[in-house]
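These numbers come from a predicted model, not from an experiment.
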Amino acid sequence: MRHVRAASAATLALAIAIAAAATGCGGGTTSGGSNESPKTLTYWASNQGPSIEADKEILTPELKKFEKETGIKVKLEVVPWADLLNRILAATSSGQGPDVLNIGNTWSASLQATGALLPWDEKNFEAIGGRDRFVDSAVASAGKAGEPPAAVPLYSLAYALYYNKKMFAEAGVEKPPATWDELVAAGKKISKDGKWGLGAEGGNLSNNIHQTFVLGQQHGADFFGKDGKATFTSDGAVAAVKQYIDFMAKDKIIAPGNAEYAQNQSLTDFAKGKTAMVLWQAAASTFAAQGMKPEDWGAAPVPVPSGVPGAGKQTNSMVAGINMAVFKNTKNIDGAKKFVKFMTSDAEQKLLNKTYGSIPPVKAAQADAAFGAPDLKVLRDTLATSAAPLPQVPNESQFETAVGTAVKELWADAAAGRPVTEESVKARLEKAQQTMQQ
């Protein structure tokens with residue numbers, strides 16, 4: 001998924017409790033047709049492009065195309081990532097929401113636990129062409145293992161290391177770093193005269209989780225045990241978080257101001273030549289919107305401790321992506337499924353994913369030559385060989401909030417020049433674990 005701000009743990013827990021206890025809650029429009037005559041659908045789209053207005057310009061012609069084909073009008077609202085989860089949680093507890101919506105794939109198990117979303121069992125998958133049309137890893141990140149997915153994959157994403165070619169050349173860095181030691185060395189060459197080696201979004205809770213989860217994999221930590229209980233204070237988890245914060249606190253390759261970034265400011269710095277590297281998902285459209293030409297930047301796999309990316313301790317990305325869900329109490333269930341089928345059709349998958357710079361989770365579309373561009377090949381190969389899904393546990397969103405906040409507080413310590421030690425990292429993570437247990 002794109003970089004998002006998770007709801008508070010208390011908000012999530014309350015919403016899940018209310019949704020699980022309520023009878024017949026789940027959202028969906030109260031007017032605009034029915035299964036017999038589905039005249040109108042409401043759709044909450046996530047902000048995938050450089051702006052909400054850009055998303056409207058991209059999606060509106062496709063919705064008109066769907067209306068022409070089916071006679072069903074789609075009312076579109078593009079919801080900012082900072083608001084999306086809270087909006088969804090409010091809809092699950094109130095019973096008033098859209099017919100169809102986008103969700104970050106890391107939220108799938110949490111929202112599945114509310115009981116508000118349509119389960120995509122074999123029958124429902126058949127209505128959109130069958131489950132086997134989709135890449136297995138994308139479906140695996142759409143809900144708890146062993147249960148029908150809570151959503152259908154729409155856009156697949158992974159992290160890459162984006163680098164500014166001019167800044168690399170000026171600093172004498174000949175190639176993108178493949179290991180963390182190489183990244184720190186390159187960053188130190190670049191970090192002077194108001195320029196910095198690496199960008200970060202320290203105020204964005206989910207981005208904090210994405211990066212520390214991957215580093216956790218490299219240190220042999222999953223953040224949850226096999227029994228589903230939090231293991232935030234394990235040696236591997238502490239080492240992973242400290243390594244991430246040390247890019248600022250110890251290595252001095254991230255600007256202190258990045259501790260407060262939460263709205264893609266690191267991409268703006270990259271486009272303006274202030275920062276040479278960023279770890280990001282599908283950044284091409286944002287770079288273009290900010291005036292960069294394709295030849296100005298490159299993309300490479302996210303570094304690993306040593307060797308080449310792969311599974312286990314060589315994991316270099318979480319399985320990112322956007323899923324499409326249907327509120328199961330919509331009065332337009334048939335129309336909603338028709339819309340999901342349209343949006344996941346081969347043609348729409350090629351068009352939309354190409355536009356957004358993401359990878360189609362639909363096999364036939366993914367094989368298209370359009371997704372063989374160098375940066376997209378990095379994302380595609382990462383998803384196929386070296387990405388791991390975030391824990392598919394019901395309290396995953398609480399995890400994002402609790403640990404994401406702990407990391408944010410550690411960024412603030414680093415920016416202020418306060419010592420970041422193993423003890424201080426462990427103390428923050430212990431507080432986060434206690435929050436999860438309340």
- [ ] Check the pair Leu89 / Leu85 against side-chain contact (heavy atoms from CB on, under 4.5 Å), numbers first and verdict last.
- [x] CA-CA 6 Å; Leu89 294 174; Leu85 183 55; 4.1 Å; yes
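- The shortest side-chain heavy-atom distance between Ile103 and Ile322 does not fall under the 4.5 Å cut-off.
- For Glu422, the CD atom counts as loosely surrounded, since its 6.0 Å shell holds 12 or fewer non-hydrogen atoms of other residues, nucleotides or ligands.
- With Arg133 contributing its side chain and Phe125 its backbone, the two residues share no donor-acceptor pair below 3.5 Å.
- Atoms NZ and CD1, from Lys188 and Ile253 in turn, are 8.0 Å apart once rounded to the nearest 0.5 Å.
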Task: Pair Asn258-Glu201, side-chain hydrogen bond (donor to acceptor under 3.5 Å, both in side chains): steps then yes or no - done: CA-CA 6 Å; Asn258 284 207; Glu201 298 275 324; over 6 Å; no
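- At a cut-off of 3.5 Å, with distance as the only test, no side-chain donor of Asn208 or Lys408 sits close to an acceptor on the other residue.
- Here the side chain of Asp55 pairs no donor or acceptor atom with the backbone of Ala45 at under 3.5 angstrom.
- Smallest separation of non-hydrogen atoms from Ala320 and Asn105: C-ND2, 3.4 Å.
- With hydrogens and angles left out, the side-chain atoms of Asn207 and Gln211 include a donor and acceptor closer than 3.5 Å.
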Task: Verdict with reasoning, Glu122 to Arg131, per side-chain contact (heavy atoms from CB on, under 4.5 Å) - done: CA-CA 7 Å; Glu122 184 177 354; Arg131 179 171 176 156; over 6 Å; no
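- Without hydrogens or angle criteria, Gln265 side chain to Ala262 main chain gives a donor-acceptor distance under 3.5 Å.
- Gln96 contributes no side-chain N or O that, together with a main-chain N or O of Ser94, makes up a donor-acceptor pair within less than 3.5 Å.
- A salt bridge does not link Glu423 to Lys426: none of the charged nitrogens lies less than 4.0 Å from a carboxylate oxygen.
- For Leu76 against Leu63, the heavy-atom pair with the smallest separation is CB-CD1, 3.7 Å.
- Side chains of Gln112 and Glu147 form a contact here, defined as non-hydrogen atoms less than 4.5 Å apart.
- Lys175 contributes atom NZ, which lies 11.5 Å from atom OH of Tyr163 (distance to the nearest 0.5 angstrom).
- Between Ala414 and Met248, the closest heavy-atom pair is CB-SD, 3.8 Å.
- Between Asp381 and Lys377 there is a salt bridge, since a side-chain N of the basic residue sits under 4.0 Å from a carboxylate O of the acidic one.
- Side-chain contact between Asp99 and Phe327: absent, with no pair of heavy atoms (C-beta onward) separated by less than 4.5 Å.
- For the pair Glu62 and Leu352, the minimum side-chain heavy-atom distance is below 4.5 Å.
- Side-chain N or O atoms of Lys250 include none that pairs as donor or acceptor with a backbone N or O of Phe247 at under 3.5 Å.
- The shortest distance between side-chain heavy atoms of Lys165 and Trp297 does not fall below 4.5 Å.
- Side-chain atoms of Gln314 come within 3.5 Å of backbone atoms of Val308 as a donor-acceptor pair (strictly under, hydrogens ignored).
- Taking OG of Ser46 as the start and CG of Asn102 as the end, the distance is 4.0 Å to the nearest 0.5 Å.
- How far NZ of Lys242 is from CG of Leu429: 13.0 Å, rounded to the nearest 0.5 Å.
- In this structure the side chain of Thr42 never reaches within 4.5 angstrom of the side chain of Glu77, judged on heavy atoms.
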Open item on the list: As a quick check of understanding, evaluate side-chain contact (heavy atoms from CB on, under 4.5 Å) for Leu410 and Val241, giving each step before the final call.
Closed with: CA-CA 9 Å; Leu410 288 163; Val241 172; 3.6 Å; yes
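- Judged by distance alone, the side chains of Asn323 and Ser108 do bring a donor and an acceptor atom under 3.5 Å apart.
- Taking 4.0 Å as the cut-off between side-chain N and carboxylate O, Glu170 and Lys195 count as a salt-bridged pair.
- Here the closest heavy-atom approach between residue Ser358 and residue Asn353 is recorded as OG-OD1, 2.7 Å.
- Judged by distance alone, with hydrogens and angles left aside, the side-chain atoms of Glu182 form a donor-acceptor pair with the main-chain N or O of Ala178 at under 3.5 Å.
- Aromatic ring centres of Phe213 and Phe223: separated by at least 6.0 Å.
- Counting heavy atoms from C-beta outward, Tyr159 and Asn316 have side chains that stay 4.5 Å or more apart.
- No donor-acceptor pair closer than 3.5 Å links the side chain of Thr92 to the backbone N or O of Ala116.
- Leu84 has its side chain within reach of Trp107: a pair of non-hydrogen atoms, C-beta onward, lies under 4.5 Å apart.
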Open item on the list: Could you go through Glu53 and Ser51, starting from their C-alpha distance and side-chain angles, then the distance that decides it, and tell me whether this counts as side-chain hydrogen bond (donor to acceptor under 3.5 Å, both in side chains)?
Closed with: CA-CA 5 Å; Glu53 288 306 314; Ser51 69; over 6 Å; no
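- In this structure, Glu174 places its CD atom where only 12 or fewer heavy-atom neighbours from other residues, nucleotides or ligands lie under 6.0 Å away.
- For Gln349 against Pro361, the heavy-atom pair with the smallest separation is OE1-CD, 2.9 Å.
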- [ ] Output, in order, the C-alpha distance, side-chain angles, deciding distance and verdict of side-chain contact (heavy atoms from CB on, under 4.5 Å) for Val304 and Lys313.
- [x] CA-CA 8 Å; Val304 292; Lys313 292 189 176 183; over 6 Å; no
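- With hydrogens and angles disregarded, no donor-acceptor distance shorter than 3.5 Å links the side chain of Thr233 to the backbone of Glu430.
- We find that Lys363 and Asp132 are not joined by a salt bridge, their nearest charged nitrogen and carboxylate oxygen being 4.0 Å or further apart.
- The heavy-atom pair separating Ser234 from Ala221 by the smallest distance is OG-CB, 3.9 Å.
- Remark: Thr114 OG1 to Lys328 NZ distance equals 8.0 Å, nearest 0.5 Å.
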- [ ] Give the intermediate values and the outcome of side-chain hydrogen bond (donor to acceptor under 3.5 Å, both in side chains) for residues Ser206 and Glu400.
- [x] CA-CA 6 Å; Ser206 290; Glu400 291 192 19; 2.4 Å; yes
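- Between Phe270 and the options Trp196, Phe287, Tyr162, a ring-ring contact (aromatic ring centres under 6.0 Å, His included) holds for only Phe287.
- In this structure, Trp120 has its ring center at least 6.0 angstrom away from the ring center of Phe134.
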TODO: Go through the steps for Gln218 and Trp180 under the test side-chain hydrogen bond (donor to acceptor under 3.5 Å, both in side chains), then give the verdict.
DONE: CA-CA 11 Å; Gln218 295 177 5; Trp180 291 116; 2.8 Å; yes
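- Going from atom OH of Tyr356 over to atom CD of Gln281 covers 14.5 Å, rounded to the nearest 0.5 Å.
- Note on Asp368 versus Lys354: no salt bridge recorded, every NZ/NE/NH1/NH2 to OD/OE distance being 4.0 Å or above.
- Under a cut-off of 6.0 angstrom, the local environment of CG in Asp235 is sparse, with at most 12 non-hydrogen atoms contributed by other residues, nucleotides or ligands.
- For Glu295, the CD atom sits in a packed shell: over 12 heavy atoms of surrounding residues, nucleotides or ligands are nearer than 6.0 Å.
- Side-chain atoms of Ser141 come within 3.5 Å of backbone atoms of Ala138 as a donor-acceptor pair (strictly under, hydrogens ignored).
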